[in-house]
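Contents: one structure, followed by commentary.
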Amino acid sequence: MKYIFVTGGVVSSLGKGLTAASIGALLECSGLRVAFKKFDPYLNVDPGTMSPFQHGEVYVLDDGAETDLDLGHYERFTHAELTKLSSCSSGRIYETILRRERAGDYLGGTVQVIPHVTDEIKCRFTTSDADADVTIIELGGTVGDMEGMPFLEAMRQFALEIGRSNTIFIHVVLLPYVRTADEIKTKPAQQSVALLLGLGIHPDILACRTERKMTDEVRAKLSLFCNVPIPGVIEELDVESIYEVPGMLHDEGVHHIVLEHFGLAVRNCDLSPWTDVVKKIRAPKKRVPIALVGKYVEHKDAYKSIHEALVHGAITNGLSLEVVRIDGEVAQQEDIRGLLRECSGIIVPGGFGNRGIEGILRAIGYAREQRLPFFGICLGMQLAVIEFARNVANLREANSTEFDEKTPYPVVSLLDEQRRAVDKGGTMRLGSYECHVAPNTHLQQAYGCEFIHERHRHRYEVNGAYRNIFTAHGLCISGTHASGLVEAIELPNHPWFVGIQAHPEFKSKPHMPHPLFKEFIRAADVYPC
Ligand code: GLN
């Protein structure tokens with residue numbers, strides 16, 4: 001197994017995750033099998049309890065692991081199989097060690113960052129897909145952060161132990177452009193590399209994030225002062241679409257450097273899936289305006305996977321996506337018709353807590369009445385059920401017990417066994433579940449099969465006690481779990497009104513768009529705008 005370590009310098013939010021994912025894509029195009037790992041220095045045990053406002057979306061894997069959104073990039077860009085072992089925080093490392101310490105496993109020894117924490121980290125570098133040729137390991141945060149130190153030390157030791165020819169270090173840095181001097185500056189990158197060198201890590205590749213093209217002079221300067229041969233100084237320009245990054249890194253020859261470093265034969269890299277996608281992105285027939293009505297719309301990364309899945313749906317339909325972000329609270333106060341007038345479809349994503357709920361319900365009611373294509377995901381589906389209960393089935397005060405515990409019509413509620421469970425986290429339905437698809441439905445038309453598997457992350461369920469009332473009023477239950485739980489709903493006499501309890505956005509890739517996103521955008525495309 002070969003290992004690629006990806007670190008970041010100068011500032012955060014450089015797109016390390018995208019760089020790592022794109023390198024994985026290039027290696028896959030060269031016929032290799034890749035695995036990924038993300039290490040995060042924060043003390044939360046996992047991102048499951050972290051606010052989407054602070055940390056962006058929680059990305060869920062098939063096995064139910066709640067992970068960092070960078071894992072979404074890895075899955076969108078490659079076919080790597082990710083599991084709960086693919087993501088690990090300092091909190092998780094310390095939790096493991098402290099449990100062991102309490103159990104007396106250290107036999108009275110002193111438990112220390114070095115060697116115990118670093119050993120535990122090293123151990124986790126190696127637990128991945130045994131069939132992979134290369135494991136790409138990304139470290140969150142920025143080199144120089146105090147909390148990242150044990151990880152960098154573990155990387156240094158690991159490289160020494162398994163041999164430098166089996167490990168490659170890629171450091172992603174920012175080259176700021178200073179307008180008054182009309183120059184790209186290399187000093188912060190140099191200083192960041194100096195920090196790494198001081199920790200005993202010598203970067204083999206310097207991926208330079210820059211808004212302007214680098215001159216040969218800048219490249220030569222970075223090479224000389226960062227001690228990286230010129231071909232290893234890679235330009236990573238700002239691009240319009242993230243799906244241009246694999247092609248850009250290909251042109252910079254990153255895969256060649258990696259394969260040569262590992263002593264692997266340089267193979268033909270078939271980049272066609274990526275060039276096809278980029279070609280479609282650059283030549284859309286027209287734009288498709290979609291309203292994203294939700295709770296965390298002002299935070300760019302809170303609905304990352306939803307956004308990307310919509311982009312994939314647009315690409316496959318030859319369209320360019322325009323997202324109109326509407327906060328639930330705004331939808332509550334303003335004229336809903338005015339807000340949605342320009343939109344060809346409405347998507348309501350997942351969320352927790354009751355802020356903005358009544359506004360989102362208004363938007364859903366508008367979509368139902370105006371025959372505007374609607375796609376409700378998780379909370380979005382639950383709200384579509386509540387809207388239907390109130391305004392079609394005449395259960396006026398229907399609600400979810402998440403928002404109103406005393407509602408006379410708890411059309412969305414916890415299951416009995418969940419109510420008995422005390423630990424909140426423990427009641428969450430997480431990970432992949434099978435769903436039976438009813439024939440002659442939009443769901444069936446999109447997926448084209450009888451059984452589907454999608455990832456879940458929610459506590460509340462559609463209350464089965466109301467099933468007959470709903471169907472009597474014309475709601476179609478198009479997806480059902482073997483236990484009888486409602487997995488998907490739709491309105492038969494509507495061009496496209498679909499709600500799903502799971503999160504299909506986690507399984508969409510640019511060249512394999514998720515069928516529901518593809519069909520939703522197709523319906524929006526033909527909506528008379
Ligand atoms: N808050 C809802 C629940 O827990 C929906 C969750 C979600 O949208 N992910 O069931």
Side-chain angles (χ1 to χ4, degrees), residues 46-53 55-62 64-67 69 72 292-297 299 301-307 309-310 327-328 346-361 363-364 374-387 389 398-405 407 410-419 421-433 435 454-464 466 479 481 483 485-489 498-508 514 516-517:
D46 65 39
T49 52
M50 292 166 89
S51 158
F53 283 118
H55 201 69
E57 77 177 1
V58 174
Y59 187 80
V60 183
L61 303 179
D62 274 339
E66 297 175 277
T67 72
L69 54 76
L292 174 73
V293 189
K295 302 170 65 86
Y296 323 112
V297 287
H299 190 292
D301 282 339
Y303 298 125
K304 183 80 193 146
S305 294
I306 293 271
H307 181 86
L310 286 171
D327 187 276
I346 298 183
I347 188 161
V348 176
F352 294 81
N354 63 3
R355 193 183 60 82
I357 291 301
E358 293 300 323
I360 303 176
L361 285 167
I364 296 173
F374 166 81
F375 192 8
I377 292 179
C378 204
L379 174 73
M381 179 191 100
Q382 296 174 356
L383 293 178
V385 167
I386 294 168
E387 199 282 328
N399 215 331
S400 163
T401 54
E402 178 179 9
F403 315 127
D404 177 6
E405 266 186 72
T407 169
V411 292
V412 177
S413 64
L414 292 178
L415 300 175
D416 287 346
E417 64 260 32
Q418 283 177 303
R419 263 184 244 129
V422 197
D423 177 11
K424 263 199 157 186
T427 62
M428 190 92 95
R429 179 145 76 112
L430 280 169
S432 189
Y433 284 82
C435 159
E454 295 291 356
R455 301 175 187 176
H456 289 246
R457 180 173 184 258
H458 58 103
R459 285 194 186 90
Y460 295 82
E461 305 281 353
V462 172
N463 187 342
Y466 291 89
H481 182 251
S483 63
L485 287 175
V486 173
E487 291 280 9
I489 57 110
V498 175
I500 183 159
Q501 184 60 77
H503 289 273
E505 71 272 22
F506 294 141
K507 286 174 73 170
S508 187
H514 191 285
L516 287 178
F517 283 86

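Quick caveat, the model's predicted, so the values are computed rather than measured. One-based numbering, in listed order, for ligands and for the atoms of each.
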Assess the side chains of Arg459 and Thr427: does a donor N or O sit below 3.5 Å from an acceptor N or O? yes
Between His307 and Glu505, do the side chains contain an N or O donor and an N or O acceptor separated by less than 3.5 Å? no
State, to 0.1 Å, how close Val58 and Phe506 come at their nearest heavy-atom pair, and which atoms those are. O-CZ, 3.5 Å
We want to know whether His514 and Glu454 form a side-chain donor-acceptor pair, criterion being a heavy-atom distance below 3.5 angstrom. yes
Would you please indicate if the ring centroids of His299 and Tyr296 are separated by under 6.0 Å? no
What's the separation between atom CE in Met428 and atom NE2 in His456, rounded to the nearest 0.5 Å? 13.0 Å
Who's touching ligand 1 if we go heavy atoms under 4.0 Å? Gly350, Gly351, Phe352, Cys378, Leu379, Gln382, Glu402, Arg457, His458, Arg459, Tyr460, His503
